[in-house]
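Just so we're on the same page: letters track the sequence lines, and every chain starts at 1.
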There are 2 protein chains.
Amino acid sequence: MLIGEAAQGSGVSAKLIRYYESTGLLSASHRHSNGYRLYEERHVHELRFIKRARSLGFPIREIRSLLDLWRNKRRASSKVRAIAMRHRSVLEERARSYQGIIDVLDHLIAACKGDDRPDCPILEDLSRPSARSSRRPPRIGGSGPSAKGS
Amino acid sequence: MLIGEAAQGSGVSAKLIRYYESTGLLSASHRHSNGYRLYEERHVHELRFIKRARSLGFPIREIRSLLDLWRNKRRASSKVRAIAMRHRSVLEERARSYQGIIDVLDHLIAACKGDDRPDCPILEDLSRPSARSSRRPPRIGGSGPSAKGS
DNA sequence: GCTACACCTTCCAACCATTGGAACCTCCAG
DNA sequence: CTGGAGGTTCCAATGGTTGGAAGGTGTAGC
């Protein structure tokens, strides 16, 4: 089949299929005499695999490993699992980082009146020198090490 | 002061300061006769502002608005608040999306034995056609949104 | 004056995944 | 023969940051 059909069958755009080929992730089996890329059913399967993995946030580099493992019938599932766990920890770190920011924004948004006057704790925070957690006075209340919670 | 001093004073690299200038975010006041950029204290303040805003994940485009508001003493705090809230919702959406993926990975990782045999639910999921949520029967389970509880 | 060095300048490239466009070729139908 | 739908290639942009090259400038020591 031609690239258009592979694209439609997999949900991956023709442009992206060519890009994947350029990165060595997935290459067409043959070229037709006119230069057109030719694909088989298994390419569509692999493209769907890639698409699903991308939708789970795996970077191309790791998808390459996952594809290799998928093709290798002698694989050890521990390797797949390790990749998934590493990726999970990356995502968790990012989610945690986002959540930390959201918590800060929540404080600032709650403190900002949001009227037509200029006073704004949000801008005040952004323009503060750099000792951030000043809203928590030092050595008072002594609840121990900071840690924004989580 | 020269760009190096402004960089050291703000924590923003000289390279980045030049990039910010190229995008119109922050321009040096003058140029010395030899072509060197010249900065004042207020530039360092603005660079710190930018740095803090970036650390909260604001994109340059929004930082531009925030800087404009910060400079404008007749601003309405409602505008600042609106920007912060919009940004908050973007972050929340991303965090939620990550969390959704993490939940999926948790299921898959738990189901994968992770030994030296090839059987692997993770790869099976990735290679499955596309009807994803089959593992969750509709309207059962309803433990509500995860909520890691800050 | 010469040399070494630290600092500045500009321009180009790379990261990551994806999309868009231009310029061009190819196959098929009308 | 013309039109159109598909294919091909290469270049550019996204967003923020970093790296490097190639070269100008200022200041120190000799």
Side-chain angles (χ1 to χ4, degrees), chain A residues 1-39 43 46-67 86-87 90-91 93-94 97-98 101, chain B residues 1-39 43 46-67 87 90-91 94 97-98 101:
Chain A
M1 72 185 79
L2 299 184
I3 198 174
E5 196 178 341
Q8 200 158 8
S10 63
V12 178
S13 74
K15 272 227 123 93
L16 204 40
I17 295 177
R18 292 194 197 97
Y19 168 74
Y20 288 158
E21 179 174 320
S22 81
T23 65
L25 182 62
L26 178 74
S27 43
S29 37
H30 309 297
R31 291 282 185 131
H32 197 266
S33 57
N34 57 15
Y36 289 10
R37 287 168 180 81
L38 291 179
Y39 296 91
H43 293 106
E46 298 198 346
L47 285 168
R48 279 202 280 251
F49 182 101
I50 293 168
K51 186 178 188 181
R52 168 66 173 162
R54 283 294 299 136
S55 81
L56 292 183
F58 285 98
I60 298 288
R61 185 176 31 79
E62 295 189 349
I63 295 179
R64 195 166 320 194
S65 306
L66 290 171
L67 261 182
R86 183 154 29 97
H87 180 52
V90 169
L91 292 183
E93 165 121 10
R94 284 193 216 158
S97 149
Y98 280 148
I101 295 176
Chain B
M1 73 184 80
L2 300 183
I3 198 172
E5 197 178 341
Q8 200 158 9
S10 64
V12 179
S13 74
K15 272 228 123 81
L16 205 38
I17 295 177
R18 294 194 197 96
Y19 168 74
Y20 288 159
E21 178 175 320
S22 79
T23 65
L25 182 61
L26 178 74
S27 43
S29 38
H30 310 298
R31 291 281 185 131
H32 197 268
S33 58
N34 56 16
Y36 289 11
R37 289 168 180 81
L38 291 178
Y39 296 91
H43 292 106
E46 299 199 347
L47 285 168
R48 279 202 279 250
F49 182 101
I50 293 168
K51 186 179 188 177
R52 169 64 173 159
R54 284 294 300 138
S55 81
L56 292 183
F58 285 97
I60 299 287
R61 184 175 33 80
E62 297 188 348
I63 295 179
R64 194 166 319 192
S65 306
L66 289 171
L67 262 182
H87 180 52
V90 168
L91 293 183
R94 282 192 217 160
S97 149
Y98 281 148
I101 295 176

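The CD1-P distance, from Ile63(B) to dG15(D), rounds to 13 Å in whole Å. The CG atom of Leu26(B) sits 13 Å away from the P atom of dT17(D) (whole-angstrom rounding). If you measure from atom NZ of Lys51(B) to atom P of dT17(D), you get 10 Å, rounded to the nearest angstrom. In this structure, CZ of Arg37(B) is placed 14 Å from C1' of dG24(D), rounded to the nearest angstrom. Following rounding to the nearest Å, His32(B) (NE2) and dT27(D) (C1') show an atom-to-atom distance of 14 Å. Atom pair Glu21(A):CD and dC10(D):C1' shows a separation of 15 Å (rounding to whole Å applied). Atom-to-atom, CD of Gln8(A) to P of dG6(D) comes out at 9 Å; the value is rounded to the nearest Å.
An OP1 or OP2 oxygen of dG24(D) is reached within less than 4.0 angstrom by no side-chain nitrogen or oxygen of Asn34(B). At dT9(C), one or more side-chain N or O atoms of Arg18(B) fall inside 4.0 Å of OP1 or OP2 (strictly under the cut-off). Between Arg54(B) and dT17(D) there is a side-chain N or O to OP1 or OP2 distance below 4.0 Å.
You won't find any donor-acceptor pair under 3.5 Å spanning the side chain of Lys15(B) and the base of dG16(D), going by distance alone. Under 3.5 Å, the side chain of Tyr36(B) and the base of dG24(D) form at least one donor-acceptor pair of N or O atoms.
Formation of a donor-acceptor pair under 3.5 Å by the Arg54(B) side chain with backbone atoms of Ile63(B) is not found in this model. His87(B) contributes a side-chain N or O that, together with a main-chain N or O of Leu56(B), makes up a donor-acceptor pair within less than 3.5 Å. In terms of modelled atom types and a separation under 3.5 Å, the side chain of Ser10(B) and the main chain of Ala6(B) share a donor-acceptor contact. At least one donor-acceptor pair under 3.5 Å links the side chain of Arg48(B) to the backbone N or O of Gly9(B).
By the 4.0 Å N-to-carboxylate-O rule, Lys15(A) lies too far from Glu21(A) to be salt-bridged with it.
Across all strands, Ser13(B) comes closer than 4.0 Å only to sugar-phosphate atoms, never to a base (heavy-atom distances). Within 4.0 Å of Tyr20(B), counting heavy atoms only, lie sugar-phosphate atoms of the nucleic acid but no base atom.
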